[in-house]
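Just so it is clear, the model here is predicted, and its values are computed rather than measured. One-based numbering along the sequence shown.
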Amino acid sequence: MAGLTIKNLKKSFGTNTVIQDISFDVSDGAFCILLGPSGCGKTTILRIIAGLEEHDEGEIFMGNKEVGNLSPKERDVAMVFQSYALYPHMNVYENMAFSLKVRNLSKDEIDSKVREAARLLDIEDFLDRKPKKLSGGQRQRVAIGRAIVRSPQLFLFDEPLSNLDARLRSTMRVELAKLHQQLGTTIVYVTHDQIEAMTLGDKIILLDKGIIQQVGTPQELYERPSNLFVATFIGSPQINLIEGSLLSNEGRMFFKSGGLTIDLGPRTVLEKYSGNTVILGIRPESLTPGNGPIVGSLEIIEHIGSENILYVATDIGRIIAKAPPDFQGRAGEGISLALRTTDIHLFYKGIRIAVGVLS
């Protein structure tokens with residue numbers, strides 16, 4: 001195993017700059033997620049790490065060794081692809097054993113490694129089957145097993161669950177987390193799915209247009225988003241954003257938007273923004289039915305078992321809130337929303353200037 005360090009990485013395809021001078025570290029044994037929308041450069045970064053794509057500038061270290069000029073074979077990494085990339089004419093055992101045969105390992109060593117990986121992934125009963133006789137989830141387990149048997153320094157996963165249905169994705173997330181605990185290997189995992197990122201990773205690198213927007217734990221990105229992009233990308237349902245002004249009055253700060261006024265308290269740190277347009281961010285779970293400052297009418301109620309998602313029409317736009325499963329409201333009725341005041345975010349020119357400002 002080894003940690004990974006990326007320094008000042010740049011990559012362009014013609015005049016299109018895909019990676020814009022990014023740097024990050026992945027500690028030994030970490031589960032690191034490269035997260036972002038399609039086209040943000042995350043898969044290109046993964047392919048550069050694997051040696052499948054050349055970079056224009058920058059350095060790549062695995063442990064203390066610079067590997068940027070090494071071939072994929074010399075880098076000692078294993079990559080799991082979205083498309084599984086299994087050999088259709090080989091059975092499961094042969095697929096998993098192939099790379100070991102190329103390395104001229106003994107038959108006994110190959111057999112031991114393949115069967116141990118099959119045991120870990122619960123595919124021992126499928127070793128004689130061809131890929132076409134397997135389900136999508138089983139094929140993905142084989143692809144992961146083929147990577148495991150190599151015992152690489154670094155595992156690279158490129159959206160490995162995107163071809164699976166929702167139930168299988170949920171199951172495989174649990175299996176991947178368990179596998180990481182068992183193996184203790186360093187993993188760099190690419191996804192556009194924030195649920196995968198939040199449940200699997202202990203470190204998330206969120207990208208947009210080839211630029212790192214924020215690096216941190218899932219909790220840090222959720223609770224302390226550095227900018228509007230992070231705030232809107234992380235969280236489901238999406239954060240409510242309300243444009244308004246900051247006003248100062250007798251030593252207290254107020255947020256005002258239309259008929260909504262929120263007392264922010266004596267927050268001197270906000271005084272320099274007085275008179276400026278800002279964005280107030282409120283997570284849906286911070287808004288619940290009750291006596292509060294936001295009033296409107298219920299548009300839609302989504303009943304999802306453990307809770308209800310409320311879509312409320314107000315004079316400041318649609319607001320999304322949450323309610324307990326026993327909520328009795330109906331579409332078309334008036335509603336008042338109470339605000340949990342320790343969870344709000346304020347953004348000025350897209351950058352967060354305060355979080356939990358009412359605490």
Hydrophobic clusters here meaning ILVMFWY residues chained together by side-chain heavy-atom distances under 4.5 Å, can you tell me if L260 and F254 are in one? no
For L164 against M172, the heavy-atom pair lying closest together: CD1-CG, 3.7 Å
Is the side chain of S336 donor-acceptor paired with the backbone N or O of G292 at a distance under 3.5 Å, no angle test? yes
Do L161 and I148 sit in the same hydrophobic cluster, where Ile, Leu, Val, Met, Phe, Trp and Tyr count as joined when their side-chain heavy atoms come under 4.5 Å apart? yes
With no hydrogens and no angle check, is any side-chain donor or acceptor of T217 less than 3.5 Å from a backbone partner on E220? yes
Should I33 and E196 count as side-chain neighbours, where that means a heavy-atom distance under 4.5 Å? no
CG of N16: more than 12 outside heavy atoms within 6.0 angstrom? yes
Donor-acceptor contact below 3.5 Å, side chain N308 vs main chain P324: yes
Donor-acceptor contact present, side-chain S71 to main-chain G51, <3.5 Å: no
I344 side chain reached by L264 side chain, heavy atoms, under 4.5 Å: yes
Whether R75 side chain and I49 backbone form a donor-acceptor pair below 3.5 Å: yes
List for me each residue that meets side chain to side chain contact (heavy atoms under 4.5 Å, CB included) alongside P131, sequence neighbours excluded, and say none if there are none. L86, N95
Test side chain to side chain contact (heavy atoms under 4.5 Å, CB included) on V230 and N227; report intermediate values, then the result. CA-CA 6 Å; V230 179; N227 56 45; 3.3 Å; yes
Any Lys/Arg nitrogen of R141 or D122 sitting under 4.0 Å from an Asp/Glu carboxylate oxygen of the other? no
How long is the straight-line distance from CZ of R115 back to CE of M96, given to the nearest 0.5 Å? 10.0 Å
Do I304 and L298 share a hydrophobic cluster, counting only Ile, Leu, Val, Met, Phe, Trp and Tyr and linking them when any side-chain heavy atoms are less than 4.5 Å apart? no
Looking at CD of Q138 and NZ of K133, how far apart are the two atoms once the value is rounded to the nearest 0.5 Å? 12.5 Å
Tell me the closest heavy-atom pair linking R252 and G265, and the distance in Å. NH2-CA, 3.4 Å
Taking Q238 for the side chain and T232 for the main chain, is one N or O donor matched with an acceptor at less than 3.5 Å? yes
Value rounded to 0.5 Å, distance of CG in L121 from CD in E116: 9.5 Å
Classify the side-chain pair S248/E271 by whether it contains a donor and acceptor separated by less than 3.5 Å. no
What's the verdict on side chain to side chain contact (heavy atoms under 4.5 Å, CB included) for L35 and T191, showing C-alpha distance, side-chain angles and the deciding distance? CA-CA 5 Å; L35 175 66; T191 183; 4.1 Å; yes
Can you give me the closest heavy-atom contact between F233 and H192, atom names plus distance? CZ-O, 3.8 Å
Which pair of heavy atoms, one from R318 and one from N240, lies closest together, and at what distance? O-OD1, 4.2 Å
Distance (rounded to the nearest 0.5 Å) between L270 CG and I353 CD1: 5.5 Å
R352 side chain vs H345 backbone, donor-acceptor pair below 3.5 Å: no
Do P293 and T261 make a side-chain contact, defined as non-hydrogen atoms from C-beta onward lying under 4.5 Å apart? no
Between Q328 (side chain only) and D326 (backbone N and O only), is there a donor and an acceptor less than 3.5 Å apart? yes
Check ion pair K107-D111 (N to O, under 4.0 angstrom): no
Report yes or no: does R173 contribute a side-chain atom to a donor-acceptor pair with the main-chain N or O of A197 at less than 3.5 Å? no
Step by step, would you call Y348 with L246 a side chain to side chain contact (heavy atoms under 4.5 Å, CB included)? CA-CA 10 Å; Y348 175 66; L246 280 180; over 6 Å; no
For residues F229 and I211, determine if any side-chain heavy atom of one lies less than 4.5 Å from a side-chain heavy atom of the other. no
Neighbour count >12 (heavy atoms, 6.0 Å) for atom CD, E333: yes
Start with the C-alpha distance between I309 and K322, add both sets of side-chain angles, then the distance that settles side chain to side chain contact (heavy atoms under 4.5 Å, CB included), and finish with yes or no. CA-CA 5 Å; I309 309 299; K322 290 189 177 183; 3.8 Å; yes
Once rounded to the nearest 0.5 Å, what's the spacing between atom OG1 of T277 and atom NZ of K349? 10.5 Å
Residues at least two apart in sequence or cross-chain that pass ring pair (Phe, Tyr, Trp, His ring centres under 6.0 Å) with F155, listed by chain then number, are none
Report yes if some heavy atom in the side chain of T43 is under 4.5 Å from a heavy atom in the side chain of Q82; otherwise report no. no
For K42 and L207, the nearest pair of non-hydrogen atoms, with its separation, is CB-CD1, 4.1 Å
V77 vs P72 side-chain heavy atoms within contact, under 4.5 Å: no
Would you mind reporting whether C32 and I205 have side-chain heavy atoms less than 4.5 Å apart? yes
Can you tell me if CD on Q182 sees more than 12 non-hydrogen neighbours from other groups inside 6.0 Å? yes
Distance, nearest 0.5 Å, that separates CZ of F81 from CG of L156: 9.0 Å
Considering all heavy atoms of both residues, which atom of D202 and which atom of H180 are nearest to each other, and what is their separation? OD2-CE1, 4.3 Å
Would you call R169 and I195 a side-chain contact if the rule is heavy atoms closer than 4.5 Å? no
ILVMFWY cluster, I320 and L339 together (side-chain gap under 4.5 Å): no
Transitively linked via ILVMFWY side-chain contacts under 4.5 Å: I45 with M79? yes
Under a 3.5 Å distance rule, please check whether T5 uses its side chain to pair with a backbone N or O of D25 as donor and acceptor. no
Under the side chain to side chain contact (heavy atoms under 4.5 Å, CB included) test, residues paired with S151 that sit two or more places apart: K113
